[in-house]
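Here's the structure, in structure tokens; my notes come after.
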Amino acid sequence: MSPEETSKPTDFLREIVAEDLKSGRFKSVRTRLPPEPNGYLHIGHVKAFMIDYLVAKENNGELILRFDDTNPAKEETEFVEAIEEDARWLGIEWVKVTFASDYFDELYEWAKKLVLAGKAYVDDQTPEEVTANRGTLTEPGKNSPYRDRDMEENMDLLERMKNGEFPAGSRILRAKIDMAHPNINMRDPAMYRIINEPHHRTGDKWKIYPMYDWSHGQNDSMEGITHSLCSLEYENHRPLYEWFLDQLGVFKPRQIEFARLNMTYTMTSKRKLRRLVEDKIVKGWDDPRMPTLRAMRRRGYTAKAITDFIDRVGVAKNYSVSDVALLESCVRNDLNKNSLRRMAVIKPLKVVIDNYPEGQTEEMDAVNNPEDSNAGTRKVPFSKVIYIEQDDFQEVPQPKYYRLFPGNEVRLRYAYFIKCTHVVKDDKGEIIEVHATYDPSTRGGDSPDGRKVKSTIHWVSAEHAKQAEIRMYDRLFTRENPEEGDEGFLACLNPKSLEVLTGYVEPHLDSPEVGSRFQFERLGYFCVDKDSTPYKPVFNLTVNLKDTWAKVEKKGK
RNA sequence: UGGGGCAUGGUGCAACGGCAGCACACCAGCCUUUGGAGCUGUGGAUCUUGGUUCGAGUCCAGGUGCCCCAGCCA
């Protein structure tokens, strides 16, 4: 890359990295992706992932995927695989996969060094005593009665903790810093605790497990990470991060914090998401309404749209809540350019074209994607009885409504102009059929006499259409911030977050490949669900098209 | 009442002492065989009070507001 082509840093974080390179503090860049394998990746993780990945990539550096598996009670191999799969789907590349548990032996040696140096001690206080003696935000803590025991005893006790001689919770290894420190993280923080649980990688080898603060920075150092990028809540931990590294006198990476991603109408708390799954409010972790990557993928979101969204959100230290409308805009933007157009009717209304010959079928030419001339055309069958959208007909039209109504002429996309003549109702007064006549000279949708119609509507031929299940998704919550308020997120669940419809799709959607995406003209973007069968395809609404009429209608009310 | 951090249109991000700009959203119009897309345009912001300076969103001082921290979670 020539200097002209080198794009300049676009945010504070990239500026810091660039300066570090320029000043020689670091000669190259290596970052790490530190997920805890205790859940599925969600949209909130993507921001951190992309920053770690891109900062390394933009500087010709390396990214290491390191699982933070320091708590055997919560972590599982299943999530390791799921996280790798999701991250790869996003397009993230790493030079190797490591685990915090890979470094348990070496980390233990480093802990002994601190004990030897009088910088760490074994504390026999109960968890309650530790808490009580930590002090408060405004009051200093009290030294543990075990704080000054001699180095030999500490070494002996630590070894025996490791060997499983003591019950869980009975002792911890603590750093010896300052119980009166104004930053509570510096008040002799725990380094190791005793946990009697098998670990997903090390089995029952270990009875003590390192805390995040003791593990993370040391692992960063061991791996030669130059920039350890994390969210704002770790800002208070940076002094401790640096303290450990300074005491050990080892390679010292730089921790930089940035604001995590929050999104309107979306909740990313793992605990609360689990609640949605366990209470069967959604159908699982990949329910298309969930903010998990597997769910978004199933819903039809593209990796490109998601990473574009993250790019547009930017990186800063402000607490922020991004508008889900921006995400939707990104996915529309991608799919508009890249998805094939098809016709589908999701709330069917039968239309009989009285002057069209009985039994006749014509093949109409339809453009596959007006945004992409390479996408070609297809033939769509047309016949006397068709389905149109219920929303595209009003017996008594509202002001500004210019779709089909008695006496009005509209264009059937790629077919003919039709004019509504009358309707047929059942005993209850419900419209069951709309009757119309067509103008044979308008084949293809052009009028030789230059006559204009105000509206073009989509349709499918009743005889040729394929039945399909259409799952119409809407946001899960009715409040911008679902976690706000006394009643919590359960009080603002959107009862209409899923509406299952049976509609008709054109024959070209007979047996579409699972995961393929289409624009159903005038409706939105849809993705073929894995629940599809050869008899009945299932489509998930990814996002609707912008609907100006819906806005007009809403305003009228 | 401790420590750390952050304040720019509705939302998110820029402006690195020199005309406050971009995207999304919003509104109006043009165009349209998708009321989609596209195009054009309008409106709307520097938390506050002082100070430094020819000039402050930016630097300095005070105030205010919001976020994070008292797990043997990460």
Could you measure between the two [atom1] atoms, the one in [N] and the one in [M], and give it in whole Å?
| N | M | atom1 | result |
| --- | --- | --- | --- |
| B/C24 | B/G41 | P | 14 Å |
| B/C6 | B/C13 | C1' | 15 Å |
| B/A7 | B/G12 | C1' | 14 Å |
| B/C27 | B/G36 | P | 13 Å |
| B/G21 | B/C16 | P | 13 Å |
| B/G17 | B/U53 | C1' | 9 Å |
| B/U52 | B/C59 | C1' | 8 Å |
| B/C22 | B/G65 | P | 34 Å |

So [X], base contact, sugar-phosphate only, or nothing? Heavy-atom distance under 4.0 Å.
| X | result |
| --- | --- |
| A/Val453 | nothing |
| A/Glu480 | nothing |
| A/Asp446 | base |
| A/Asp68 | sugar-phosphate |
| A/Arg312 | sugar-phosphate |
| A/Leu545 | base |
| A/Ser329 | sugar-phosphate |
| A/Leu232 | nothing |
| A/Glu139 | nothing |
| A/Arg187 | nothing |
| A/His237 | base |
| A/Glu36 | sugar-phosphate |
| A/Met211 | sugar-phosphate |
| A/Lys400 | base |

Is any side-chain nitrogen or oxygen of [X] closer than 4.0 Å to OP1 or OP2 of [N]?
| X | N | value |
| --- | --- | --- |
| A/Thr10 | B/C13 | no |
| A/Asn318 | B/C66 | no |
| A/Thr138 | B/G3 | no |
| A/Arg193 | B/C73 | yes |
| A/Lys317 | B/C67 | no |
| A/Lys551 | B/C26 | yes |
| A/Lys74 | B/C73 | no |
| A/Arg522 | B/G35 | yes |
| A/Arg134 | B/G71 | yes |
| A/Thr70 | B/A74 | yes |

Selected nucleotide, minimal atom distance to [X] side chain, candidates [options]:
| X | options | result |
| --- | --- | --- |
| A/Pro182 | B/G3, B/G35, B/C24 | B/G3 |
| A/Glu15 | B/A15, B/A14, B/C73 | B/A15 |
| A/Arg341 | B/A37, B/U34, B/A23 | B/U34 |
| A/Asn236 | B/G2, B/C69, B/C72 | B/C69 |
| A/Glu371 | B/G35, B/C24, B/A37 | B/A37 |
| A/Glu233 | B/U34, B/A37, B/C68 | B/C68 |

Is the closest side-chain heavy-atom distance between [X] and [Y] below 4.5 Å?
| X | Y | result |
| --- | --- | --- |
| A/Leu523 | A/Leu545 | no |
| A/Phe382 | A/Arg443 | no |
| A/Tyr241 | A/Ser228 | yes |
| A/Cys527 | A/Phe539 | no |
| A/Phe49 | A/Pro35 | yes |

- Figure out the CG/C1' separation between A/Leu240 and B/G4, and round it to whole Å. 14 Å
Under the 3.5 Å rule, do the base of [N] and the side chain of [X] count as making a donor-acceptor pair?
| X | N | result |
| --- | --- | --- |
| A/Tyr234 | B/A74 | yes |
| A/Arg403 | B/G35 | yes |
| A/Tyr402 | B/G35 | yes |

- Item | Residue whose closest nucleotide on RNA chain B lies nearer the 5' end, A/Thr264 versus A/Leu327 | A/Thr264
- Item | Residue whose nearest RNA chain B nucleotide is more 5′ - A/Asn183 or A/Ala550 | A/Asn183
- Message: Is it the case that the side chains of A/Ser101 and A/Asp69 hold a donor-acceptor pair, with the cut-off being a distance below 3.5 Å and no angle test?
- Response: yes
- Query: Across all strands shown, which nucleotide pairs with B/U64 by Watson-Crick or G-U wobble geometry, both distances under 3.5 Å?
  - Reply: B/A7
- Message: Using Watson-Crick or G-U wobble geometry with both distances under 3.5 Å, which nucleotide pairs with B/U58?
- Response: none
Say whether, by atom type as modelled, one donor and one acceptor occur between the side chain of [X] and the main chain of [Y] under 3.5 angstrom.
| X | Y | result |
| --- | --- | --- |
| A/Asn38 | A/Glu75 | no |
| A/Tyr234 | A/Ile256 | no |
| A/Asp52 | A/Leu33 | no |

- Message: Give me syn or anti for B/G43, where syn covers glycosidic angles within 90 degrees of 0.
- Response: anti
- Query: Which atom names give the shortest non-hydrogen contact between A/Ser215 and A/Thr70, and what distance separates them?
  - Reply: OG-CG2, 3.5 Å
